Amino acid sequence: MTVRALMVAAPRSGGGKTTLTVALLAAFKRRGLRVSAIKTGPDYIDPAFHAAITGRYGLNIDSWCMPPDLQACLLQAAGHDADLVIVESAMGLFDGLTGPEGARGSPSDIAARFGIPVLLVLDVSGQGQSVGPIAKGFASWRPDVTIAGVVLNRVASPRHVRLTTGAIEAAGLAACGALMRQAGQSLPERHLGLVQAREHGALTDWIEKLADKAEQELDLDSVLALAAPVAAMPVTAELTRHAVLSPPGQRIAVAEDDAFSFLYGHLAMFWRQAGAELVPFSPLADEAPDESCDVCWLPGGYPELHAGGLAQARHFISGLQHFSRTRPVHGECGGYMVLGQCLEDAEGKKHAMSGLLAHSTSFARRKLNLGYREATLRADTVLGKAGSRLRGHEFHYASVLDAGEDAPLADLLAGDGTSLGACGGRRGLVSGSFFHVLACNDTAF
């Protein structure tokens with residue numbers, strides 16, 4: 001299968017990648033194209049916006065966490081039955097670890113490996129012709145990465161359009177339009193990024209307005225022409241299978257609501273393809289995991305914003321406690337916080353949680369923990385056998401007040417190989433940590 005793809009990238013975070021990606025997806029869908037999207041790097045929030053438009057899984061692709069076969073598999077999944085795949089870059093186009101080459105977690109790794117042309121979005125607020133050298137520098141930085149065109153963002157006036165467009169063209173690049181600056185264009189943000197798509201009552205209206213904006217201010221025909229066919233790489237089924245986290249059970253109870261929504265789309269997709277059934281329930285609605293399930297998965301999310309409601313959800317708490325006596329329960333990040341003794345909210349008020357693990361966490365004593373992680377399991381759990389290596393990331397502000405005396409879940413390395421010591425906890429059939437898993441690393445890349 002041949003996939004036609006285009007990457008939307010920028011020099012930095014906050015430059016307008018998500019706005020442009022959503023605008024293009026909505027505008028091309030309005031034109032009758034079958035659109036799809038995939039996000040580079042670890043990210044839950046942007047893929048949810050993609051899914052809201054495309055009606056497909058919100059997928060991620062990553063060059064550090066995932067071997068090339070799995071990357072190819074996910075790109076093919078994104079391109080299945082689609083006319084166009086838009087790859088939204090994380091961070092800046094060339095940002096990532098310092099090594100290894102081609103597997104730094106950089107969006108440019110993906111663009112180079114699969115020959116995906118890049119549409120560079122440049123925030124030109126406070127700039128004029130200086131955008132030309134910036135664009136030219138990006139275009140010449142890596143010969144195996146093609147900057148096919150540029151979209152200017154946050155442009156102030158028609159004169160500003162002329163100045164910046166002229167500079168892009170003088171740099172030898174195609175200018176594909178200018179998104180004018182306007183009040184209310186940006187989505188609201190919170191401590192882990194954009195406010196979730198599921199929490200926007202006016203999301204459909206916002207998406208439609210972005211589609212209008214794209215039609216009025218961008219050369220959509222030129223943008224579409226930049227997309228290039230990406231020849232499918234040969235995928236070794238055995239290697240791909242070993243790189244994918246196996247379903248933790250046959251029927252998986254998955255917490256899903258505004259407090260628990262950070263389940264990676266590719267995990268859900270692969271689990272279902274393997275024959276597992278995902279059974280959602282809402283702790284915020286005081287629902288317990290379904291008794292017909294054989295494992296419970298508590299994803300990350302924003303329990304720190306709903307700590308009071310969760311503490312009062314007695315049916316959820318008692319049902320989870322009952323479930324854990326005979327079946328495995330695993331929590332990632334926010335889910336891990338709810339498995340502990342208590343959660344301290346931003347105001348310093350402590351709320352009792354499930355008490356299935358010994359630790360307590362605080363959102364009042366905030367400290368950013370962010371980066372790639374490799375975890376080696378200390379014992380057999382729903383994540384794999386003892387000694388299994390998993391790759392993923394941490395992204396949280398909560399801190400551990402009291403670690404308690406549970407056995408550690410895993411030993412953790414940072415993306416650069418620095419030891420971070422033991423992480424998480426396990427007690428009986430219950431396990432959890434702040435670590436989010438993306439892929440397995442038991443087969444050499």
Side-chain angles (χ1 to χ4, degrees), residues 3-25 27-28 35-43 45-47 49-50 58-64 71 74-75 78 84-97 102-125 127 131-155 164 168 171-179 193-194 210 214 218-220 222-228 230:
V3 179
R4 202 155 179 252
L6 179 68
M7 178 178 286
V8 172
R12 60 176 176 84
S13 295
K17 299 184 298 290
T18 301
T19 297
L20 178 58
T21 298
V22 169
L24 291 175
L25 288 170
F28 287 134
V35 293
S36 181
I38 191 167
K39 172 81 177 189
T40 73
D43 188 309
I45 296 175
D46 291 346
F49 285 96
H50 302 165
L59 298 177
N60 299 72
I61 186 170
D62 187 273
S63 68
W64 186 83
Q71 296 170 39
L74 286 166
L75 188 58
L84 174 67
V85 176
I86 295 182
V87 183
E88 183 182 345
S89 156
M91 308 175 296
L93 175 59
F94 299 109
D95 293 334
L97 300 171
R104 300 188 301 110
S106 168
S108 59
D109 292 340
I110 303 299
R113 173 165 290 132
F114 297 102
I116 301 172
V118 175
L119 178 64
L120 190 68
V121 54
L122 294 177
D123 180 350
V124 298
S125 55
Q127 286 184 309
V131 301
I134 293 172
K136 189 168 185 177
F138 267 75
S140 61
W141 187 253
R142 277 187 64 168
D144 57 351
V145 174
T146 300
I147 307 297
V150 176
V151 166
L152 305 167
N153 189 30
R154 300 189 180 108
V155 185
T164 51
I168 295 300
L173 295 167
C176 297
L179 296 173
L194 296 176
L210 276 183
L218 302 180
D219 186 342
L220 291 175
S222 294
V223 171
L224 185 59
L226 299 179
V230 180

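Model, not experiment: these values are computed from the prediction.
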Quiz item: Which atom names give the shortest non-hydrogen contact between P42 and N60, and what distance separates them?
Solution: C-ND2, 4.2 Å

Self-check item: Closest non-hydrogen atom pair, G149 against C176
Solution: CA-SG, 4.3 Å

Quiz item: When you look at L122 and I168, which way does the side chain to side chain contact (heavy atoms under 4.5 Å, CB included) test go after all the steps?
Solution: CA-CA 10 Å; L122 294 177; I168 295 300; 4.0 Å; yes

Quiz item: Between G105 and S63, which heavy-atom pair has the shortest distance, and what is it?
Solution: N-OG, 2.8 Å

Quiz item: What is the minimum heavy-atom distance between V145 and S108, and which atoms define it?
Solution: CG2-O, 3.8 Å

Quiz item: Is any side-chain heavy atom of V131 less than 4.5 Å from a side-chain heavy atom of V150?
Solution: no

Exercise. Measure from the side-chain N and O atoms of R142 to the backbone N and O of F94, and report whether any donor-acceptor pair falls under 3.5 Å.
Key: no

Quiz item: Quick one: are D43 and D46 in side-chain contact, heavy atoms under 4.5 Å?
Solution: yes

Practice problem: Step by step, work out the side chain to side chain contact (heavy atoms under 4.5 Å, CB included) result for V8 and I86. | Solution: CA-CA 7 Å; V8 172; I86 295 182; 3.8 Å; yes

Exercise. Given salt bridge (Lys or Arg N to Asp or Glu O under 4.0 Å), test D123 with R12 step by step and report yes or no.
Key: CA-CA 9 Å; D123 180 350; R12 60 176 176 84; 2.9 Å; yes

Quiz item: Any side-chain heavy atom of H50 sitting closer than 4.5 Å to one from L25?
Solution: yes

Quiz item: CG/L97 to CH2/W64 distance, rounded to the nearest 0.5 angstrom?
Solution: 7.0 Å

Exercise. Decide side chain to side chain contact (heavy atoms under 4.5 Å, CB included) for T21 and M7; before the verdict, give the C-alpha distance in whole Å, the side-chain angles of both, and the deciding distance to 0.1 Å.
Key: CA-CA 9 Å; T21 298; M7 178 178 286; over 6 Å; no

Quiz item: Hey, are the side chains of L93 and V118 touching, using non-hydrogen atoms and a 4.5 Å cut-off?
Solution: yes

Quiz prompt | Side-chain touch V223/L24, heavy atoms, less than 4.5 angstrom | solution = yes

Exercise. Look at the side chain of D109 and the backbone N and O of R104, then say whether any donor-acceptor pair between them is shorter than 3.5 Å.
Key: yes

Exercise. Could you tell me whether a side-chain N or O of S36 sits under 3.5 Å from a main-chain N or O of A78, the two making a donor and an acceptor?
Key: yes

Quiz prompt | Side-chain donor-acceptor pair present, Q127, T164, cut-off under 3.5 Å | solution = no

Quiz item: Quick one: does N153's side chain have a donor or acceptor within less than 3.5 Å of a partner on G15's backbone?
Solution: yes

Practice problem: Might you work through the side chain to side chain contact (heavy atoms under 4.5 Å, CB included) test for I110 and Q71, ending with a clear yes or no? | Solution: CA-CA 8 Å; I110 303 299; Q71 296 170 39; 3.3 Å; yes

Quiz item: Do L179 and L218 come within less than 4.5 Å of each other through their side chains, counting heavy atoms only?
Solution: yes

Quiz prompt | From CG (L84) to CZ (F28), nearest 0.5 Å | solution = 6.5 Å

Quiz prompt | Straight-line distance of T19 OG1 to F49 CZ, nearest 0.5 Å | solution = 9.5 Å

Practice problem: For V230 and A5, work out which heavy atoms get closest and say how close. | Solution: CG2-CB, 3.9 Å

Quiz prompt | Non-hydrogen atoms of P107 and D95 that approach each other most closely | solution = CD-O, 3.5 Å

Quiz prompt | Side chains of L119 and L226 in contact at under 4.5 Å (non-hydrogen atoms) | solution = yes

Practice problem: Return yes if some donor-acceptor pair links the side-chain N/O of R113 with the main-chain N/O of G102 below 3.5 Å, else return no. | Solution: yes

Quiz item: Does any non-hydrogen side-chain atom of I45 lie less than 4.5 Å from one of K39?
Solution: no

Quiz item: Roughly how far, to the nearest 0.5 Å, is CD of E88 from CG of L20?
Solution: 9.0 Å

